[in-house]
Amino acid sequence: MIKDQLHDVVTCLRFLTRIPVPEHWFAHKEPHFGRIAWALPAAGCVSSLPAILVLLLLVQTSLPALATAVFALATLVVVQGALHEDGLADVCDGFGGGSKERKLEIMSDSRIGSYGTLGLIFAMMARVALIVGSLASLGPAGSAALLLFAAAGSRLAMVWLWSFLLPAKYSGLSERFGEPEADQVFKAALFCGAVAIVLIFVALPIAAVLVGAIVAAIVVWAFSHLAEKQIGGHTGDVLGATQIICEIALYVGFLVAI
């Protein structure tokens with residue numbers, strides 16, 4: 001059982017990050033993510049560890065908090081291959097289009113437009129500012145714990161939205177990787193709950209964690225309805241954007257509560 005769960009996490013890391021994993025572990029076939037979607041929060045935690053290490057190391061130097069936050073976020077983006085950022089940019093460009101078909105066409109275009117560029121700029125600025133705020137409010141240990149909590153919680157949001165919304169098209173993510181099975185959201189929520197309990201015990205105030213989770217849930221719920229209205233459901237880009245949006249919302253709710 002534990003071996004299978006570890007394999008699920010490693011599979012998510014192999015396909016959703018730049019962390020090198022031996023190809024022979026996967027028998028040269030793509031996974032059915034619908035059966036292992038619960039492991040996305042765990043993979044998010046693992047892929048955030050290099051950024052946490054950079055954060056904890058640089059905060060011990062004379063670098064200003066702003067530079068520390070920039071380097072930590074850059075590490076996070078590089079390790080994760082800018083996958084979610086790409087989704088956010090495509091959503092910003094696509095949702096500004098015309099018909100549903102035109103929106104999906106724009107989102108599948110590899111080129112980035114003005115909406116996507118501005119969306120990325122604002123999102124990166126917000127994330128850097130929020131990391132700086134977490135360092136000021138919580139200190140290094142608390143800031144690292146919040147980054148880890150956001151990594152898990154934002155992937156739970158992805159699993160939920162993936163399960164909640166119908167596919168906007170059946171020639172993309174759903175056809176390639178499958179839809180999450182009924183128990184995947186529950187398993188992902190259990191994992192995130194366990195992470196939250198540990199982090200509350202170690203470094204995070206429980207009231208702020210609850211407020212952050214509530215704010216993030218409301219924002220993700222609103223975004224899911226926007227996606228349904230705009231393109232009729234989810235795509236891989238929508239899921240990637242969900243991760244970024246949820247992460248920012250969780251930070252905002254948490255720091256406002258602090």
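This one's a predicted model, so the numbers in the text were calculated from it and none came from an experiment. Only heavy atoms go into these numbers, but all of them, side chains included; no hydrogens, no water, no symmetry mates.
Remark: side-chain polar atoms of Ser48 are paired, donor with acceptor, to backbone N or O of Cys45 under 3.5 angstrom. Between the side chain of Ser143 and the backbone N or O of Gly139, no donor-acceptor pair lies under 3.5 Å. The main-chain N or O of Ala37 is found under 3.5 Å from a side-chain atom of Gln184 such that the two form a donor-acceptor pair. Of the possible polar contacts, one joining the Ser47 side chain to the Gly44 backbone as a donor-acceptor pair under 3.5 Å is found. Side chain of Thr117 to main chain of Gly113: a donor-acceptor pair is present (N/O by atom type, distance under 3.5 Å, no hydrogens or angles). Side chain of Asp8 to main chain of Ala39: no donor-acceptor pair is present (N/O by atom type, distance under 3.5 Å, no hydrogens or angles).
When the side chains of ILVMFWY residues are joined at heavy-atom separations under 4.5 Å, either directly or via intervening members, Leu147 and Leu156 end up in two distinct hydrophobic clusters.
At least one side-chain heavy atom of His84 sits less than 4.5 Å from a side-chain heavy atom of Met158. Using a 4.5 Å cut-off on side-chain heavy atoms (C-beta onward), Val211 and Phe254 make no contact. Taking 4.5 Å as the limit, every side-chain heavy atom of Arg14 sits out of range of all side-chain heavy atoms of Ile19. Using a 4.5 Å cut-off on side-chain heavy atoms (C-beta onward), Phe223 and Val238 make contact. Looking at Leu161 and His234, their side chains come closer than 4.5 Å, going by heavy atoms from C-beta outward.
Within 6.0 Å of atom CG in Leu190, more than 12 heavy atoms from other residues, nucleotides or ligands are found, so the atom counts as buried in its surroundings. The 12-atom threshold is exceeded at CZ of Phe164, counting heavy atoms of other residues, nucleotides or ligands nearer than 6.0 Å.
A donor and an acceptor atom, one from each side chain of Lys103 and Gln230, are located under 3.5 Å apart. Between the side chains of Gln80 and Thr17, no donor N or O sits under 3.5 Å from an acceptor N or O.
The side-chain contact (heavy atoms from CB on, under 4.5 Å) with Leu146 is formed by just one residue from the set Leu250, Val209, Ile258; it is Leu250.
Counting only residues at least two apart or in different chains, salt bridge (Lys or Arg N to Asp or Glu O under 4.0 Å) contacts with residues 125-153 comprise Glu85-Arg127, Arg127-Glu247.
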